[in-house]
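In what follows, a structure is listed as C-alpha cells, so that the remarks can point back to it.
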Amino acid sequence: MTATLFDPIQLGDYYLKNRVFMAPMTRARTGPAGIPDELVAIYYAQRASAGLVISEATAVHPRGDGWPGAPGIYTDEQQAGWAAVADAVHAEGGRIFMQIWHMGRAALSESIEGQKPLAPSPVAATGEIPNSKGVPTAFDTPEAMSAAQIREAVSAFATAARRAIDAGLDGVEIHAANNFLIDAFLRDGSNRRSDEYGGSVENRSRFLLEVVDAVTAEIGAGKVGVRFSPTNAVFGISDANPEAIFTYAARQLSRRNLAYLHVLEPALDSGSPMSAGLPLLAPALRESYDGLMILNGSLTQQTGQRALTSDAADAIAFGVPFISNPDLVERFRNNIALSKPNPDTFYGGGAEGYTDYPAKELESA
Ligand SMILES: Cc1cc2nc3c(=O)[nH]c(=O)nc-3n(C[C@H](O)[C@H](O)[C@H](O)COP(=O)(O)O)c2cc1C
C-alpha cells in the first residue's frame, strides 16, 4: 500500500507520527554565544506536529562556528539551551534531531577569532554572507587541515552528538551538504588533497565515514541521519562526477544501519542559484542506499505525496513552508491555504517572522 504524508513511519529508533518533516533551517537568533533561548524553544515547539523536526545547523567546534547568530553545542550553556528546546518540543508530542555541522571554509574569520577557516584544501567558498554588522563579506581562503585537525574535528562531531543526546534531543543529522566541511571533503572542486583524504571516491569519503562511525559509536546508529546535497552549487561547491562520489558514499552508509539519508536537491527548473542545473541524483541514491530516504527541495504537498507514491522517498522534508506555517501538517491535512513567508526575517532578529506566524485556528479565533 502506498504511504501518504500522514502515515506514521519507523525511523531508526523512533516511531514517528507522520512523514511531513521540518527541514533544518538556520535562523540566526542565538546571539554571539550561540545559546538557544526561550524564543527558540517556542519556535520549535510551535512546529512539533511535524513527524520529525530537524534543527538548524549547530556547530560542533568553535573553529567551525563562523556565522553570527548560529547556535553551537560545544559549551555547557549551549547544551542547557538545547535541553530546554528538546523539552518544549517533547511537551508538544514532537521529536527533534539536531543537525550538527562544522562550517569549514564557510566560517567567517571575524567569528572564529580572526583565524583562517579550515577545509580540506585552500580553495575559498564563493559569494558573500553578512558579517556581525550586516555587511556582506567574502569568504577567506581556508587553511588545509592537518591530520591532527581532522582527528579533532571527527571527535568534535562525536562529542557534540553525545551532548545533544544528553540534552534530551532524539538524535542528530550529520550535515554533509551545502559546501560545509564534510561536503567540501566529498567534492573534488574543494578537495585537492593528495593524502588518504583526497583523490579517489574512497579517500574523499573517508572523513564523512570517520565522522559517521565516531557519532554512531557514541549514540547508536538508530539516532543518526546524514544529509547530502549532491547536485547543488551553493557557495561554489562542485564535483566533476557527483554520481560517482555520492553513490559510493551512499553505499558505504547503507552498511551502517542509520536512521536515514536526507537528500536535498534543488528543482531543476527553479532558477535557484543553488541549482547547478545537473541531472538529479536522488533516484541513483535511492538505488544505492539501503535504508530510509528523506527527500527535500522546493517540494509541495502534491509533489511530496507523488514522491512517496512513486516510492522515490519514505518521508518528505519541507523548509520554507514550515517557516510561515507552524501548523503545516494540519494545513496539508485540511487543504488550508499556506501563508507566505517574509524572506527579510529569515535570518536574525527576534520574534518577528519567527514565532509570530499564527496557526490557522488562532487566525480564525
Ligand atoms: C532560512 C533558511 C535556512 C537554512 N538553513 C539550513 C541549515 O541550517 N542546514 C541545512 O542543511 N539546510 C538549510 N537550509 C536549506 C533547507 O533545509 C532546505 O533544503 C531548502 O530550504 C529547500 O527546501 P524547501 O524548498 O522546502 O524550503 C536553509 C534554508 C533556508 C530558507
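Every heavy atom of this structure was used, including side-chain atoms; hydrogens, water molecules and symmetry mates were not. If you read the sequence from its start, that first residue is 1, and numbering goes on from there. Order of appearance sets the numbers: ligands from 1, and atoms from 1 within every ligand.
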For N232 and L264, run side-chain contact (heavy atoms from CB on, under 4.5 Å): C-alpha distance rounded to whole Å, both residues' side-chain angles, the deciding distance at 0.1 Å, then the answer.
CA-CA 8 Å; N232 73 7; L264 156 61; 4.2 Å; yes
Quick check: F235 with F139 (ring centres under 6.0 Å apart)?
yes
Atom indices of ligand 1 within 4.0 angstrom of L264 heavy atoms, with elements:
19 (O)
Carefully, step by step, assess Q79 and T75 under the rule side chain to side chain donor-acceptor pair (under 3.5 Å).
CA-CA 6 Å; Q79 188 179 14; T75 70; over 6 Å; no
Close N or O approach (F318, ligand 1; < 3.5 Å):
no
With no hydrogens and no angle check, do the side chains of R331 and N325 hold a donor and an acceptor under 3.5 Å apart?
yes
When the ring centroid of Y289 is compared with that of Y260, is the distance short of 6.0 Å?
no
Which ligand 1 atoms does A57 reach within 4.0 Å, using its non-hydrogen atoms?
8 (O)
Measuring from M145:CE to D195:CG, what's the distance to the nearest 0.5 Å?
11.5 Å
Numbering the atoms of ligand 1 from 1, which are under 4.0 Å from a heavy atom of A23?
17 (O)
Within a reach of under 6.0 Å around CD of E110, are more than 12 heavy atoms found that belong to other residues, nucleotides or ligands?
yes
Should one rank N296, T26, I323 by closest heavy-atom distance to atom 19 (O) of ligand 1, which comes out on top?
N296
Within the 4.0 Å heavy-atom cut-off, what R27 brings close to ligand 1 is neither
Exactly one of H262, E265, R227 should register a side-chain hydrogen bond (donor to acceptor under 3.5 Å, both in side chains) with N296. Which one does?
R227
I'd like to check whether L299 has a polar contact with ligand 1, where a contact means an N/O of the residue lying under 3.5 Å from an N/O of the ligand.
no
Please confirm whether F322 comes under 4.0 Å of ligand 1, counting heavy atoms of the residue only.
no
So, is H175 polar-close to ligand 1, with some N/O to N/O distance under 3.5 Å?
yes
Of all the atoms in ligand 1, which lie at a distance below 4.0 Å from a heavy atom belonging to N178?
10 (C), 11 (O), 12 (N)
Interfacing atoms of ligand 1 (cut-off 4.0 Å, heavy-atom, Q99)
7 (C), 8 (O), 9 (N), 10 (C), 11 (O)
With a heavy-atom distance limit of 4.0 Å, tell me whether W101 approaches ligand 1 through its side chain, its backbone, both, or neither.
neither
Quick one about N18 and D7 (side-chain donor to acceptor, distance below 3.5 Å, no hydrogens or angles considered), yes or no?
no
So is A177 in contact with ligand 1, going by heavy-atom distances below 4.0 Å?
no
Atom 2 (C) of ligand 1: of F346, Y347, F228, the nearest heavy atom sits on Y347
